[in-house]
Amino acid sequence: MRYWLLKTEPEGFSIDDLAASPRQTTCWDGVRNYQARNSLRDDFRPGDKVLFYHSSIVPAAVVGLAEVVREGYPDPTAWDPDHKHFDPGATAENARWVMVDIRLVEKFDQPVTLDVLRAEPKLAKMELLRRGSRLSVQPVTPEEFKIVERLAKSSTSVGKESPKSAPAPKIAKKPSTLS
DNA sequence: GCCAACGTTGGC
DNA sequence: GCCAACGTTGGC
């Protein structure tokens, strides 16, 4: 099983949008970078675990976990002229771009902010923290994944020590595929 | 809104 | 194949 980090701008699609999606599952369309595409196409497998990351927001943070439920398949938004990510070089016959399906596993009570990630020495080599890193689909090591998961649960995060509100709903449904 | 970093494009 | 121009990303 592999581990990944997926970036999204919450203004466009947030973890709450994922939680509100049917079966808390969505297709991860719109990726238009070849390196990211190659990961989606060649390396994503059902069962892989995903760190769900909100970018272009303050504070940027890992806000929860998701799981891959469908491996790479053609991204139809690529040949839709009305779509924001339309690519004139893509056709239904030659898709060029690929998406996967992911399902929400858990929304963290407490987002793990960039500051908190940077403060953890064991994450020093994490792709996300590399200067100039812009990839929206990144591999994560099992160790990094576990550390982030632990940071989400520890109370040592920077910022408000808010009294725990209602525990986040634990979402662990079993059906494994879309439609 | 600034701007550094990076990917892509296209002229040559 | 080089590389300058350009567009985008994303933290701040």
Side-chain angles (χ1 to χ4, degrees), chain A residues 2-19 26-44 48-66 68 72-102 104 107-141 144-145 147-152 154 156-162:
Chain A
R2 303 196 198 205
Y3 298 87
W4 306 98
L5 179 143
L6 292 178
K7 285 186 193 172
T8 180
E9 302 190 5
E11 309 249 320
F13 188 87
S14 71
I15 194 162
D16 290 327
D17 294 323
L18 177 58
T26 188
C27 56
W28 204 252
D29 61 11
V31 171
R32 296 293 181 269
N33 169 281
Y34 285 103
Q35 193 178 342
R37 192 265 328 251
N38 292 348
S39 292
L40 294 175
R41 186 190 59 193
D42 303 332
D43 298 327
F44 270 60
D48 288 359
K49 296 293 173 39
V50 172
L51 298 176
F52 196 96
Y53 179 80
H54 281 176
S55 68
S56 296
I57 191 178
V58 177
V62 177
V63 293
L65 306 179
V68 178
Y73 62 109
D75 176 355
T77 65
W79 59 87
D80 174 359
D82 296 326
H83 197 276
K84 181 184 176 209
H85 297 295
F86 173 61
D87 175 359
T91 63
E93 294 72 34
N94 195 344
R96 180 179 286 183
W97 302 110
V98 166
M99 61 188 188
V100 297
D101 290 347
I102 63 166
L104 181 66
K107 178 183 173 182
F108 292 155
D109 284 346
Q110 195 168 35
V112 183
T113 64
L114 263 190
D115 281 352
V116 170
L117 295 172
R118 289 212 177 94
E120 172 51 63
K122 289 176 183 157
L123 296 179
K125 292 187 178 169
M126 197 173 175
E127 165 74 19
L128 180 72
L129 304 182
R130 277 198 21 238
R131 179 180 172 78
S133 162
R134 295 193 329 190
L135 260 190
S136 68
V137 177
Q138 304 179 357
V140 171
T141 69
E144 290 164 349
F145 188 91
I147 290 165
V148 174
E149 210 175 5
R150 201 179 64 231
L151 287 172
S154 75
T156 57
S157 300
V158 183
K160 50 204 103 172
E161 204 81 2
S162 55

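Every chain is numbered from 1 and lettered A, B, ... according to where its sequence line falls, protein lines coming before strand lines. From a predicted model like this one, the values you see are computed outputs, not experimental measurements. Computed from heavy atoms alone, side chains included, the values below leave out hydrogens, waters and symmetry copies.
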* **A:Lys84 NZ to C:dT9 P, straight-line distance once rounded to whole Å** => 7 Å
* **Euclidean distance, atom CZ of residue A:Arg134 to atom C1' of C:dT8 [Å, nearest integer]** => 6 Å
* A:Asp43 bridged to A:Arg2 by N-O distance under 4.0 Å -> yes
* To do: Indicate the ring-plane relationship of A:His83 and A:His85, choosing parallel, tilted or perpendicular according to the 30° and 60° boundaries.
  => tilted
* Structure fact -> Rounded to whole Å, NE2 of A:His85 lies from C1' of B:dG7 at a distance of 16 Å
* **Nearest-neighbour nucleotide for the A:Tyr34 side chain, C:dG11, C:dG10, B:dT8 considered** => B:dT8
* **Between P of B:dC6 and CD of A:Glu127, the distance in whole Å** => 10 Å
* Starting at atom CD of A:Gln35, determine the distance to atom C1' of B:dT8, rounded to an integer number of angstrom. => 14 Å
* Structure fact -> Between CD of A:Glu9 and C1' of C:dG10 the distance, given in whole Å, is 8 Å
* Contact under 4.0 Å: A:Arg118 side-chain N or O vs C:dC12 OP1/OP2 -> yes
* Asked: Using a cut-off of 4.0 Å on non-hydrogen atoms, how would the nucleic acid contact of A:Ser55 be classed: base, sugar-phosphate, or nothing?
  -> sugar-phosphate
* Asked: Could you give the CZ-to-P distance, from A:Arg32 to B:dG7, as a whole number of Å?
  -> 18 Å
* State whether A:Arg32 and A:Asp75 are salt-bridged, where the test is any N-O pair (Lys NZ or Arg NE/NH1/NH2 against Asp/Glu carboxylate O) under 4.0 Å. => yes
* Among the nucleotides B:dG7, C:dG11, C:dG10, which one has an atom lying closest to any side-chain atom of A:Ala60? -> C:dG11
* Classify the side-chain pair A:Trp28/A:Asp101 by whether it contains a donor and acceptor separated by less than 3.5 Å. => no
* Using atom CD1 of A:Ile57 as one end and atom C1' of C:dG11 as the other, report the distance to the nearest whole Å. => 12 Å
* Phosphate-side-chain proximity, A:Lys7 and C:dG10, N/O vs OP1/OP2 below 4.0 Å -> yes
